[in-house]
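Note sheet for the following structure.
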Amino acid sequence: MKRLLTILCIPALLLLGSTEGWSLPPCSGNDSSTWTNCFGTLTYPDGSKYVGELKDHKAHGRGTATFANGDKYVGEYKDDKRNGQGTYTFADGEKYVGEFKD
């Protein structure tokens with residue numbers, strides 16, 4: 001019985017773990033200044049990119065930012081600022097995992 005329960009739980013965990021972005025609709029249109037409460041990609045003039053949840057055309061919720069210098073941040077945002085749990089990986093491979101505030 002335990003084995004059957006384990007086998008049934010694995011697909012449920014895989015489905016739940018891969019739902020990033022499913023809770024919000026994809027952002028539509030080319031004008032990112034109109035995007036609100038959606039999941040999209042913002043590309044900046046310096047080559048940096050943000051992929052994730054947006055609210056009032058700002059990073060808000062879960063997202064990933066890849067910076068032009070090779071750094072990367074994966075985690076939570078609030079009002080366009082890193083805020084909450086996240087991982088910042090520097091271009092040289094060093095990492096900070098923990099809490100971010102603004």
Side-chain angles (χ1 to χ4, degrees):
M1 186 65 170
K2 261 186 176 178
R3 185 177 178 150
L4 178 61
L5 184 58
T6 302
I7 291 171
L8 292 175
C9 288
I10 290 172
L13 289 174
L14 290 174
L15 285 173
L16 290 173
S18 64
T19 60
E20 183 176 324
W22 287 8
S23 60
L24 293 175
C27 298
S28 62
N30 293 327
D31 184 3
S32 64
S33 70
T34 64
W35 293 352
T36 185
N37 298 326
C38 59
F39 188 89
T41 300
L42 297 174
T43 304
Y44 300 95
D46 71 352
S48 298
K49 184 165 56 167
Y50 170 80
V51 178
E53 298 174 341
L54 297 152
K55 179 180 177 185
D56 300 328
H57 60 275
K58 294 179 183 174
H60 193 90
R62 299 270 315 149
T64 299
T66 306
F67 302 100
N69 68 357
D71 291 359
K72 184 176 184 177
Y73 171 76
V74 178
E76 299 172 356
Y77 284 84
K78 182 177 179 182
D79 294 326
D80 236 11
K81 297 177 183 165
R82 294 184 291 266
N83 198 314
Q85 291 296 311
T87 300
Y88 194 101
T89 305
F90 296 91
D92 67 5
E94 290 289 318
K95 282 187 183 186
Y96 168 77
V97 179
E99 184 77 18
F100 289 79
K101 181 75 172 152
D102 297 333

| note | Residues at least two apart in sequence or cross-chain that pass side-chain contact (heavy atoms from CB on, under 4.5 Å) with Thr36, listed by chain then number, are Asp56
| request: Before giving the answer on side-chain contact (heavy atoms from CB on, under 4.5 Å), spell out for Tyr73 and Phe67 the whole-Å C-alpha distance, their side-chain angles and the decisive distance to 0.1 Å. | output: CA-CA 8 Å; Tyr73 171 76; Phe67 302 100; 4.2 Å; yes
Contacts under 3.5 angstrom, residues 82-91 side chains, donor-acceptor by atom type, not counting sequence neighbours:
from	atom 1	to	atom 2	distance (Å)
Asn83	ND2	Asp102	OD1	3.2
Gln85	NE2	Glu99	OE1	2.6
Tyr88	OH	Asp71	OD2	2.8

| field | CG-NE2 distance between Leu24 and His60, expressed to the nearest 0.5 angstrom | value |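 Here the rounded value is 10.0 Å.
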| What's the spacing between Lys101 NZ and Lys81 NZ if we round to 0.5 Å? |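 The NZ atom of Lys81 is 9.5 Å from NZ of Lys101, to the nearest 0.5 Å.
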Would you confirm whether [X], through its side chain, and [Y], through its main-chain N or O, come within 3.5 Å as a donor-acceptor pair?
| X | Y | result |
| --- | --- | --- |
| Trp35 | Ser28 | yes |
| Asn37 | Lys55 | no |
| Thr41 | Val51 | no |

| said: Which heavy atom of Asp46 sits nearest to which heavy atom of Ala68, and what is that distance? | reply: O-CB, 3.1 Å
| task | Can you see which heavy atom on Pro26 is nearest to which on Cys38, and at what distance? | result | C-CB, 4.0 Å
| query | Are Tyr50 and Tyr44 close enough that some pair of their side-chain heavy atoms sits under 4.5 Å apart? | reply |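 Yes, at least one pair of side-chain atoms sits under 4.5 Å.
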| request: Show the numbers, then the answer: is there a side-chain contact (heavy atoms from CB on, under 4.5 Å) between Lys49 and Thr64? | output: CA-CA 8 Å; Lys49 184 165 56 167; Thr64 299; over 6 Å; no
